[in-house]
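It should be emphasised that the depicted structure is a prediction, and the values quoted were computed from it without experimental measurement.
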Amino acid sequence: MIDDNPAIDDTHLVDKDSLTTVDMGVNLGGLLMANPVTVGSGTFGNGKQYAGFYPLNRLGAITTKGVSGVPWAGNDNPRIAETASGMLNSIGLQNPGVESFVADELPWLATCGVPVIVNVSGHNASEYAAVIQRLETESAVSAYELNISCPNIDCGGMGFGTDPQTAYAVTQLCRKSTSRPLIVKLTPNVTDISEIACAVEAAGADAISLINTVLGMAIDVKRRRPVLARKVGGLSGPAIKPIALRMIYEVYQAVKIPLLGMGGICTASDAIEFMLAGATAVAIGTANFTDPMTAPTVVDGIREFCLEQNIPRVSELTGALL
Amino acid sequence: MIDDNPAIDDTHLVDKDSLTTVDMGVNLGGLLMANPVTVGSGTFGNGKQYAGFYPLNRLGAITTKGVSGVPWAGNDNPRIAETASGMLNSIGLQNPGVESFVADELPWLATCGVPVIVNVSGHNASEYAAVIQRLETESAVSAYELNISCPNIDCGGMGFGTDPQTAYAVTQLCRKSTSRPLIVKLTPNVTDISEIACAVEAAGADAISLINTVLGMAIDVKRRRPVLARKVGGLSGPAIKPIALRMIYEVYQAVKIPLLGMGGICTASDAIEFMLAGATAVAIGTANFTDPMTAPTVVDGIREFCLEQNIPRVSELTGALL
Amino acid sequence: MVMSDMTYPACNADNNRMEPGLGGGQPRQEFCSVLDNGFMAESIAKIRLLAPYVAENCHPGQFVHLRLPNLEAHILRRPFSVYAADARSGEIQLLYQTVGAGTEHLTTVGRGAQIDVIGPIGRGWQPQPSAKRVLLVGGGLGVAPLYMLAASFRTDVEVHLVMGAQSADRLICREPFSTYITEPCLHITTDDGSAGQHCFTTKVVKDLLDEGSFDYIATCGPEAMQKAVAALAAEHKTVCEVSLERRMACGIGACLSCMVETINGPQRACVDGPVFSALEVIW
Amino acid sequence: MVMSDMTYPACNADNNRMEPGLGGGQPRQEFCSVLDNGFMAESIAKIRLLAPYVAENCHPGQFVHLRLPNLEAHILRRPFSVYAADARSGEIQLLYQTVGAGTEHLTTVGRGAQIDVIGPIGRGWQPQPSAKRVLLVGGGLGVAPLYMLAASFRTDVEVHLVMGAQSADRLICREPFSTYITEPCLHITTDDGSAGQHCFTTKVVKDLLDEGSFDYIATCGPEAMQKAVAALAAEHKTVCEVSLERRMACGIGACLSCMVETINGPQRACVDGPVFSALEVIW
Ligand SMILES: Cc1cc2nc3c(=O)[nH]c(=O)nc-3n(C[C@H](O)[C@H](O)[C@H](O)COP(=O)(O)OP(=O)(O)OC[C@H]3O[C@@H](n4cnc5c(N)ncnc54)[C@H](O)[C@@H]3O)c2cc1C
Ligand SMILES: Cc1cc2nc3c(=O)[nH]c(=O)nc-3n(C[C@H](O)[C@H](O)[C@H](O)COP(=O)(O)OP(=O)(O)OC[C@H]3O[C@@H](n4cnc5c(N)ncnc54)[C@H](O)[C@@H]3O)c2cc1C
Ligand SMILES: Cc1cc2nc3c(=O)[nH]c(=O)nc-3n(C[C@H](O)[C@H](O)[C@H](O)COP(=O)(O)O)c2cc1C
Ligand SMILES: Cc1cc2nc3c(=O)[nH]c(=O)nc-3n(C[C@H](O)[C@H](O)[C@H](O)COP(=O)(O)O)c2cc1C
Ligand code: FES
Ligand code: FES
């Protein structure tokens, strides 16, 4: 899957018994990452908030908050609820729109020394494509992640990700707009995730990211109301890890393009589980809230694991279940 | 929904300020339960194992382990894995078959003084119907729960619950075999749970139970293998509660028949959340493992809540979101 | 639990809105030892932590975001105002009310336990340096973020405090506040009349504003109370700041869980607040 | 940590297969105080619990299923063999090895903490009452369920023990066992030769069986070792019981997580075992 990456094609040089360094580089559908760890869109702002905790170039890539063509207001408060080993959110892709993103966020992101994956939202296929077209001339952008899986907006979002035809159509239109790496992010709220994965692969996606949040709900029994103003929201965090892993495992068998795995990753061991199931790279989402140092800690832990296990290239972990 | 239950039609007699008793009775599609709490099939054996912890007539009903026409061997070991606030199982409906169930389990169950819901499994529609036909003459049986949602068998099980046509067909065939309350248990592993719920309602189900387990996976990074011998399994426990609640909430709006809610219930407050979302009764599953006293504790807690909140009949909680 | 032996950092008038995590007095993650933790009244407790960075850098009105120890299934941190901070000893104090699983559990954490703390966070109080007569209004545990503010004024500022509680036994901070605010300026109210005046804080605020003018009002407590205080302040054309609570995930400006509607568009309670100009907020 | 001042219930030959939860000496839920908890060797610890019901009713080879305190996201209990039980004082002791999150965390639980315990559970050892010369074979922490068994034999029974460990410092129970089994009958092996013979237990078992006949063998430890011991026993036509570990959810026979393949069909390790006749097991 990533045989075309010359930087990591040196197994023959490595003396397994004296491994002192690990090649942490991965190639996510054309996006070269110095290590396999990025962040989950929407859980990391546009990076500034975490820059005081560690230099962001310790990440393999930054993934931005969802960006749409025009400003979106998002949903009413409360927007979050805590659940057992997880949380629900119904932020609703609040964002100031692509122009403001280009003006206020991109210049700073360009200075971080790390690839930038822009997460793209829209209410219909042409809105997605319009965001991409606007960003094509921006050199700070390295790749796009199409969010066709947000459960928190009424029109667009998850609707695109539950139907193979619509998923195909939006991917194809965006594909025509860019030759940059195009990642399509899928929703787990489907009967057959492989079917959707195959559709977006056929439409020209370079990689697939999964999973977005699982539709869920919480109720306040005293107030007799849903906790979230929007009633339902997206479940994320450790609770959903087994669901995410299963889907990575299924999709890895169904498609040839690489996978960006996420859903409840908190530790290096979690991340390695995702890679073994078939992910080329992984994203840290909700765990950023629990511990802002999660992402660099996971990077270090993956490296240590490879050293211990005499694995010279991290990319060897991908799909390497025995 | 349960207006036809005369036993609980006495609101006008109750002085709200001096509530000292609560009518805990519910009517689950014709099955009268003394309180709204039963157990999740497969998490309670056939009851004997818990009879030493409390008298089983503290439950509203006992739900048996899945029963098939002939003995089923189940899956290889390991069959379980612990996950964050949850567990995976791939038991695979191991059971000694309906004849052995009738000979070895029913006589004892008949002595418990509590309705018995037999959970029915099959590889095809006629196998389900055959189990029901065999049990029709057994007076100890009060209701059937069709498990068309088990993720742990290759043929049958969840396959029935992900397609509305098949769900309709199996329900219809079983409906023809019995006039006892027929509950159909749905899988959450679908894009649109309401569609399946409507299909089984149209086919004559008296009630719907949901959710069965969510398909998931765990990987042992050191051994580089899936933890479960069957690789994937069903996720249950508190982790899935938000998913279950959301599905109850959706299905309650889609069908008229009553719902038996389950998925991660550990406390009375959890159970009340399910009732507010639309469940007429609830089942305690995985929590039996964590604490064998969960079910009676939940019954007591629901009663206390009703007393505190001046709710004379527990059935008033069903769907009572403000 | 005596507070009077502590000194507090003076209020820094340069306390601008911060984008956290960019160095300077920005939030950091500290692993803090619990020095002491115990009830002060029914369902109200105080925890003392060794948090040198927060203690040194915290402005009045800022908060910390802490991870509940030994509650692994509760993955979100919990925000608490810094009640007191002593840069010399590195100690901070938080007051908290047991309202749910997290705060209930927090009461079981003993001396010596380690707590993962992010702080100091947010925009604190920003009284005009020229303010000469100021009014602080705290309802319930809303007094917590007002204590460092009270301590921050120069001695020539006349500081009034209206402190409301359900009942006398819940007036937990009366004594410490008396170091900075004494009798004629200290106005107590209780819902049940068991101490001070038998009314809500807003009644006293109204009377005080009617009696004489203030340069600055700071209020924290139930949102309905803050809204009412804000309305009174607006009526009397008095500068007023409020401190708003929202459910928070990240606590550092990244997730947009904690939005407050303002006339300047949606703002994050965690880093654009929790203290807002009362005129800015769309209630 | 001295064991010799404890007495143990005699082995009950009527210890039939139990369907738990039906009264009598059946499993109950007890909330137990931790009396003591500490390391005995690297990654091996002993915990003492006040568990009067288990202490009174436990047969050698039975286990308890305990809930990990303060690990709310770990919803499954953990099974541990009862190492020692004193009906008089109500105390039980467990030996445990830190192998994962649960056992790691258990080491942090201090004196006075409460642990939710279900027990005693399962089919214990069932040596023939007529047995005169018996052999116990314990690998690693597999010695734990053998200690109460050793204590249960009448003094006219010749009890041999083969005790294997990785190294000398991990031979944690040598001293307590010596109350019941002395020199010529105590056979030590270590993987690294740092104590006793430098070999696996199975080598010694083979030698002993070749030298003279035994009436009964009981073994616990790594499954490969148990299988090898079972094969040697079968060769020598000696009655042999093994104690098997399986992942357990309920621990009381309800969930079918813990199946063992036997010639009598699938059996539950928790209640049909953990002790099985070696001849019954399909390895
Ligand atoms: C900036 C700020 C400062 C605060 N300062 C204090 C203080 O000094 N003392 C004090 O007692 N409380 C304070 N609070 C409220 C405190 O954060 C909540 O009481 C606490 O989070 C409740 O946690 P729980 O687990 O006990 O409740 P639960 O209801 O079980 O919590 C569930 C979820 O809701 C959130 N939540 C519940 N109530 C509130 C609330 N009032 N505000 C924000 N989130 C909430 C929790 O953080 C958690 O994510 C402050 C809140 C904010 C936003
Ligand atoms: C009947 C019986 C008696 C036992 N007696 C002892 C004893 O006296 N001393 C001792 O140190 N250990 C004993 N064990 C093993 C002990 O239960 C496990 O080491 C322990 O559950 C590991 O928990 P963990 O959270 O540290 O490991 P993790 O690997 O994190 O646990 C994950 C899951 O796997 C299960 N698991 C992991 N290892 C085992 C195992 N070997 N057997 C069964 N389940 C396992 C856990 O219970 C849990 O459900 C016994 C097991 C059984 C079945
Ligand atoms: C608060 C919050 C906001 C999110 N916003 C977005 C978003 O804007 N675009 C998107 O594609 N995914 C969004 N997600 C989904 C995450 O990127 C991620 O797919 C999901 O949370 C699962 O990973 P986790 O369990 O590690 O958080 C959001 C998740 C959370 C919790
Ligand atoms: C070990 C185990 C065995 C189960 N066996 C069955 C079964 O035989 N038939 C069935 O319909 N559901 C079975 N289930 C599903 C439960 O009845 C229940 O629907 C599910 O676990 C969700 O509820 P919970 O989270 O409270 O456990 C089983 C679940 C577990 C954990
Ligand atoms: S809590 Fe995340 S932005 Fe305020
Ligand atoms: S652990 Fe449930 S049957 Fe043995």
List the atom pairs, with distances to 0.1 Å, where a side-chain N or O of residues 215-227 of chain A and a protein N or O form a donor-acceptor pair under 3.5 Å, not counting sequence neighbours.
unit_1, atom_1, unit_2, atom_2, d
A:D220, OD1, A:K222, N, 3.1
A:D220, OD1, A:R223, N, 3.1

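In terms of heavy-atom proximity, C:A254 sits nearest to A:F44 at CB-C, 3.8 Å. The two atoms that bring A:Q49 and C:I252 nearest to each other are CG-O, 3.0 Å, heavy atoms only.
Remark: A:S85 OG to C:H74 NE2 distance equals 9.5 Å, nearest 0.5 Å. The structure places SG of C:C255 at 6.5 Å from CE of A:M87, a figure rounded to the nearest 0.5 Å. Taken from CG in C:L256 to CG in A:N75, the straight-line distance is 11.5 Å, to the nearest 0.5 Å.
Residues in residues 73-84 of chain A take part in these salt bridge (charged side-chain N to carboxylate O under 4.0 Å, His left out) pairs, two or more places apart or across chains: A:E82-C:R78.
Within the 4.5 angstrom heavy-atom criterion, only side-chain atoms of C:I118, from C-beta onward, approach chain A. Contacts of A:N89 with chain C are absent, with no heavy-atom separation under 4.5 Å from either backbone or side chain. Of the atoms belonging to C:R247, heavy atoms from both backbone and side chain fall under 4.5 Å from chain A.
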Checklist entry - Going through the checks in order, is the side chain to side chain contact (heavy atoms under 4.5 Å, CB included) test met by A:N77 and C:V260? => result CA-CA 9 Å; A:N77 276 325; C:V260 171; 6.0 Å; no
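Interface check for chain A: of the options C:D116, C:L76, C:L71, the most heavy-atom pairs under 4.5 Å are formed by C:L76.
In this structure, the salt bridge (charged side-chain N to carboxylate O under 4.0 Å, His left out) partners of A:E99, at least two apart in sequence or on a different chain, are A:R134.
Scanning residues 286-301 of chain A against chain C with a 4.5 Å heavy-atom cutoff picks out A:T286, A:F289, A:T290, A:D291, A:P292, A:M293, ordered by number.
With contacts defined as side-chain heavy-atom distances shorter than 4.5 Å, the pair A:T83/C:I75 does not qualify.
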